[in-house]
Undergrad: 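Handing you this structure, nothing more for now.
Source: prediction; values computed, not measured. Every chain is numbered from 1, with letters handed out A, B, ... down the list of sequences.
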Protein chains: 2
Amino acid sequence: MKTRDRIVETAKRLFNESGTGSVTTNHIAAAAGISPGNLYYHFRNKEDIIRAIFDEMVAYGREGFTSIAFAPVSDPLRSMEEIFRFIQNFNRRYIFFKRELPSLVLGDPVLKERYKASHQATLALVRASVDRAVQTGFLRPLDEEERQGLAEMSWLIALFWINYLEVSGEKIDESSLERGIAISRMLIEAFMGREDISRE
Amino acid sequence: MKTRDRIVETAKRLFNESGTGSVTTNHIAAAAGISPGNLYYHFRNKEDIIRAIFDEMVAYGREGFTSIAFAPVSDPLRSMEEIFRFIQNFNRRYIFFKRELPSLVLGDPVLKERYKASHQATLALVRASVDRAVQTGFLRPLDEEERQGLAEMSWLIALFWINYLEVSGEKIDESSLERGIAISRMLIEAFMGREDISRE
DNA sequence: GTCTATAAGCGGATAGAC
DNA sequence: GTCTATCCGCTTATAGAC
């Protein structure tokens with residue numbers, strides 16, 4: 001494994017454990033088994049390392065997310081669950097980023113722009129997925145505002161569920177993440193067609 | 001204004017502007033117009049100041065929230081909007097806390113416990129409000145799991161809407177906060193009674 | 001590419017005078 | 001209660017040898 005990659009991997013692990021604030025470049029170098037000077041040969045500073053992790057994260061996320069989102073859908077509800085499950089594992093993998101996102105983008109304009117772009121791209125995917133579900137009749141007819149609102153709500157819950165668990169003091173494990181999935185399903189079901197009623 | 005209070009006020013302002021990470025005790029002392037030594041006479045360290053702000057925040061929130069939540073309700077949907085509006089302004093007022101909450105509770109076990117307690121108390125209020133709405137027939141009949149899920153969804157959106165706006169790169173102003181209210185209303189309406197259907 | 005050594009600066013925190 | 005002075009430790013970042 002190349003030194004540069006080892007720095008990124010090590011930094012990611014340490015950041016997830018203790019947060020970017022308390023992890024120094026010296027800690028990263030020591031944990032990666034290299035000298036501080038060597039670290040600075042590969043990166044200008046800590047911010048630079050964080051950006052590198054971010055870029056890795058975006059690439060990883062785009063790949064996983066689009067491959068699921070564009071797969072042929074037989075059961076939309078199940079498909080939604082799979083996407084949500086992927087996002088939760090994704091968030092866990094880069095949890096320091098989830099924890100510190102507002103602060104990090106606040107302090108780094110470059111990161112802010114990059115994040116904004118990837119955020120909007122993903123939201124557009126969710127929105128497209130909602131539109132498809134309306135067209136196929138899986139969801140009941142929704143106007144423009146409702147479709148956008150549903151997309152944003154789903155996305156918001158997917159994004160922040162792990163933070164919600166953390167600040168609630170709940171453990172982050174299979175069962176608590178499953179609760180998030182159950183809640184998202186509830187949301188979707190509330191906007192599904194009403195055949196059950198119209199048959200009465 | 002007492003020195004201690006001026007420290008808390010100044011710290012809150014600086015934290016909201018720049019985050020707790022880049023604001024030092026020296027900055028706070030300078031901005032408050034006192035010496036660093038004096039600051040340390042009133043507080044043991046920065047963590048101690050953050051806890052003081054937190055306690056103020058909890059008191060402010062409890063007061064506002066319960067007074068709205070227990071007011072007589074004529075129009076539940078409007079009442080919900082008011083609560084949401086209060087929470088949004090509350091979040092804006094202590095926005096550094098919203099931004100850094102996961103990190104802060106991660107690094108301070110005392111804060112973690114205090115936050116958890118206030119979080120659960122508030123969630124219980126939301127849950128009670130949902131139960132009332134079901135009993136009065138404003139919401140359609142929902143089972144235990146659905147009521148809990150709806151309470152948590154509403155609470156999650158109220159809590160994280162401002163973070164969602166920030167990481168999206170959207171401005172935080174009246175109109176973007178109003179969008180959050182519209183979305184919450186959409187959520188509630190999706191769980192309302194179905195008189196509109198049953199009349200068909 | 002990698003190391004050692006170190007400069008430079010800052011933040012946290014305390015001692016002691018007033 | 002408040003100030004000045006100061007110390008310690010740590011972090012960032014660079015210079016220069018290998």
Side-chain angles (χ1 to χ4, degrees), chain A residues 1-56 96-97 99-100 103-112, chain B residues 1-56 96-97 99-100 103-112:
Chain A
M1 197 178 195
K2 298 190 75 143
T3 301
R4 199 194 133 94
D5 297 334
R6 206 160 73 250
I7 294 170
V8 172
E9 278 309 299
T10 308
K12 185 167 68 175
R13 181 170 57 77
L14 295 182
F15 289 160
N16 279 338
E17 284 167 16
S18 322
T20 59
S22 55
V23 174
T24 71
T25 49
N26 281 1
H27 293 147
I28 299 169
I34 62 169
S35 68
N38 194 2
L39 183 145
Y40 278 91
Y41 173 80
H42 290 281
F43 292 94
R44 278 183 58 246
N45 49 37
K46 199 160 85 175
E47 197 173 50
D48 204 22
I49 300 176
I50 294 175
R51 288 183 191 161
I53 299 176
F54 175 77
D55 290 341
E56 180 204 299
F96 87 90
F97 226 102
R99 289 188 186 122
E100 305 180 28
S103 312
L104 290 175
V105 302
L106 190 74
D108 182 351
V110 173
L111 202 59
K112 187 189 176 97
Chain B
M1 197 177 194
K2 298 191 73 149
T3 300
R4 198 195 133 95
D5 296 334
R6 207 160 72 250
I7 294 170
V8 172
E9 278 308 299
T10 307
K12 185 168 67 175
R13 181 171 57 78
L14 295 182
F15 288 161
N16 279 338
E17 283 167 16
S18 322
T20 59
S22 53
V23 174
T24 72
T25 49
N26 282 1
H27 294 147
I28 298 170
I34 62 170
S35 67
N38 195 2
L39 184 145
Y40 278 92
Y41 172 80
H42 290 281
F43 292 95
R44 278 182 57 246
N45 50 37
K46 198 159 87 174
E47 196 173 53
D48 204 21
I49 300 175
I50 294 174
R51 287 183 192 162
I53 299 176
F54 175 77
D55 291 340
E56 180 203 299
F96 86 90
F97 226 102
R99 290 188 186 119
E100 305 181 27
S103 312
L104 290 175
V105 302
L106 190 74
D108 182 350
V110 173
L111 202 59
K112 188 189 174 99

Undergrad: If the condition is side chain to side chain donor-acceptor pair (under 3.5 Å), which residues does D55(B) pass it with, not counting sequence neighbours?
TA: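 Side chain to side chain donor-acceptor pair (under 3.5 Å) list for D55(B), sorted by chain: R114(B).
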Undergrad: What pairs with D108(B) under side chain to side chain donor-acceptor pair (under 3.5 Å), at least two apart in sequence or on another chain?
TA: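 Applying side chain to side chain donor-acceptor pair (under 3.5 Å) to D108(B) gives R51(B).
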Undergrad: I'd like to check the ring-ring contact (aromatic ring centres under 6.0 Å, His included) partners of F54(B); sequence neighbours left out, ordered by chain and number.
TA: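 For F54(B) the ring-ring contact (aromatic ring centres under 6.0 Å, His included) partners, ignoring immediate neighbours, are F97(B).
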Undergrad: Quick test of your reading: applying ring-ring contact (aromatic ring centres under 6.0 Å, His included), list the pairs with at least one residue in residues 3-33 of chain B, sequence neighbours left out, ordered by first then second residue.
TA: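 Counting only pairs at least two positions apart or across chains, the ring-ring contact (aromatic ring centres under 6.0 Å, His included) contacts touching residues 3-33 of chain B are F15(B)-F96(B).
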Undergrad: Reading nucleotides 2-18 of chain D 5' to 3', which nucleotides get B (base under 4.0 Å from a protein heavy atom), which S (sugar-phosphate only), which -?
TA: BBB------SBBB----
Undergrad: Under the rule for side chain to side chain donor-acceptor pair (under 3.5 Å), what residues qualify as partners of S22(A), not counting sequence neighbours?
TA: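 For S22(A), no residue satisfies side chain to side chain donor-acceptor pair (under 3.5 Å) once neighbours in sequence are set aside.
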